[in-house]
Protein chains: 2
Amino acid sequence: MYTIGEISKMFNLPIPTLRYYDKEGLLLELERDKSGIRKFNNQNIETLRLIECLKKSGMQIKDIKEFIGWCSLGDKTISKRKEMFLKQKENIENQIKELEKALAMIEFKCWYYEEAEKDGNEKRVKSITPNGLPENIKKLYENAH
Amino acid sequence: MYTIGEISKMFNLPIPTLRYYDKEGLLLELERDKSGIRKFNNQNIETLRLIECLKKSGMQIKDIKEFIGWCSLGDKTISKRKEMFLKQKENIENQIKELEKALAMIEFKCWYYEEAEKDGNEKRVKSITPNGLPENIKKLYENAH
DNA sequence: TCTTGACATAAAGTTAGCTTTAGGTATTAA
DNA sequence: TTAATACCTAAAGCTAACTTTATGTCAAGA
């Protein structure tokens, strides 16, 4: 069993944030001692790991809360939970794809400014890429349907 | 030359958002016609593509604004701009790594709930992974130093 | 006994990034 | 000529996810 201070260090999360998660219903099974002090067990730690993961993947607190609620309703919510994770898997895969597109643009910009730095100005490198971006990168950023 | 409505459709961004970017100083070179109506040129479109990319990679408006400011100061800010992109490249690479960790967890959960769904309950699959998570996934989420 | 440190609560405050509202102008179509 | 449409501004409002503040309890050490 751990105190909130220990968990705070373990997860590198401020104490008020942990209390906030508790208040929002993300830590349903959290016990208290006789004087009201929170006692975190291994279950709660697992839950926090999952919360961190879902937050990192862009899920909102209220949706995480909904999921936690399903968990406490037992076997009849298993399919819902599975669907939720399948959807979240897709979300993450899309986010990774988007970040890879952004990375291509940023890498081009790194190259561009390295050349410009060598020359002391942007003249030459600007003339090599007259429309601002090379075609392959431009295509990644075209939104027209 | 394009109107704000055309750009809104082109980028799939609400008109007020584009005006907000302009107000915040992200579109320094944006011209107006004699009656004050914004006229977007190809330069502005390039800038918007870059803004979208930087936003997607998690950069804040105020930092994007700072970068745009550097651009208008000419050659003496080339190194600064290069450094900015190098840092941003690292940021994106880290974000991708974090998302890949999250993905590993989510994929485990997908597997877990598929098994549970087959069985109609979590009993068996819980007994296969008694500590909540398999070791390899757990390790990804350990924050202790 | 007194003070220190770690815990507790409720409620107000903060920040980013929009979004909405209210009111006005200018051009075109009927 | 009127009505619709697309633009404009300033300012207020909104939401999520904390964070801070003010106040209080409790157990252990000097």
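Protein chains get the first letters and strands the later ones, always in sequence-line order, with residue 1 at the start of each.
Nucleotide dC18(C) holds its P atom 14 Å from the CZ atom of F11(B), rounded to whole Å. Across the protein-nucleic acid pair, L18(A) atom CG and dA6(C) atom P stand 16 Å apart, rounded to whole Å. Nucleotide dA6(C) holds its P atom 16 Å from the CG atom of D33(A), rounded to whole Å. For the pair M1(A) CE and dC7(C) P, the computed distance is 15 Å after rounding to whole Å.
Tracing side-chain contacts under 4.5 Å through hydrophobic residues (I, L, V, M, F, W, Y), one never reaches F85(A) starting from L73(A); they form parts of separate clusters.
For the ring-ring contact (aromatic ring centres under 6.0 Å, His included) test, no residue two or more places apart in sequence or in another chain qualifies with F40(A). With sequence neighbours excluded, no residue forms a side chain to side chain donor-acceptor pair (under 3.5 Å) with N131(B). With sequence neighbours excluded, the residues that form a side-chain contact (heavy atoms from CB on, under 4.5 Å) with E115(A) are W111(A), K118(A), R124(A), V125(A). For E93(B), the side chain to side chain donor-acceptor pair (under 3.5 Å) criterion is met by K89(B), not counting sequence neighbours. Evaluation of the side chain to side chain donor-acceptor pair (under 3.5 Å) rule for K56(A) yields E98(B) as partners, not counting sequence neighbours. With sequence neighbours excluded, the residues forming a side-chain contact (heavy atoms from CB on, under 4.5 Å) with K65(A) are L26(A), listed by chain and number.
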Filtered N/O pairs between nucleotides 22-24 of chain C and protein, under 3.5 Å:
none

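Taking a 4.0 Å limit (strictly below) on heavy-atom distances, residues 65-72 of chain A does not reach DNA chain C anywhere.
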Practice prompt. Take T129(B) and L133(B) through the side-chain contact (heavy atoms from CB on, under 4.5 Å) test and state the conclusion after the steps.
Written response: CA-CA 6 Å; T129(B) 52; L133(B) 288 175; over 6 Å; no
Worksheet entry | salt bridge (Lys or Arg N to Asp or Glu O under 4.0 Å) assessment of E122(A) paired with R81(B) | CA-CA 12 Å; E122(A) 294 176 64; R81(B) 289 185 258 163; 3.0 Å; yes
Discussion item. Does E46(A) form a salt bridge (Lys or Arg N to Asp or Glu O under 4.0 Å) with R49(A)? I'd like the steps, not just the answer.
Written reply: CA-CA 5 Å; E46(A) 286 297 310; R49(A) 277 209 258 269; 3.1 Å; yes
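For DNA chain D, the stems formed by at least three consecutive Watson-Crick or G-U pairs, with both atom-pair distances below 3.5 Å, span C:1-30 with D:1-30.
Bracketed by its first and final contacts, the part of DNA chain D lying under 4.0 Å from non-hydrogen atoms of chain B reaches from dC7(D) to dT9(D) in 5' to 3' order.
Figure legend: K109(A) and Y112(A) shown as a cation-pi pair, the cationic atom lying under 6.0 angstrom from the six-membered ring centre and within 45 degrees of its axis.
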Item to complete: Could you encode protein contacts along nucleotides 9-17 of chain C as a string, one character per nucleotide from 5' to 3', using B for base contact, S for sugar-phosphate-only contact and - for no contact, with a heavy-atom cut-off of under 4.0 Å?
Response: B-------B
Side-chain polar contacts of residues 13-21 of chain B - donor-acceptor pairs under 3.5 angstrom, sequence neighbours left out - could you list them?
residue : atom : partner : partner atom : Å
Y21(B)  : OH   : K55(B)  : NZ           : 2.5

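Remark: T3(A) is in phosphate contact with dC7(C), judged by side-chain N or O atoms under 4.0 Å from OP1 or OP2.
In terms of position on DNA chain D, the residue among S35(A) and T17(A) whose nearest nucleotide sits closer to the 5' end is T17(A).
No side-chain N or O of S57(B) forms a donor-acceptor pair with one of Q95(B) less than 3.5 Å apart. Checked by atom type, the side-chain pair Q60(B)/D63(B) shows no donor-acceptor distance below 3.5 Å.
Closest approach of K39(B) to L30(B), counting heavy atoms only: O-CD1, 3.5 Å.
Between the side chain of S8(A) and the backbone N or O of I4(A) there is no donor-acceptor pair closer than 3.5 Å.
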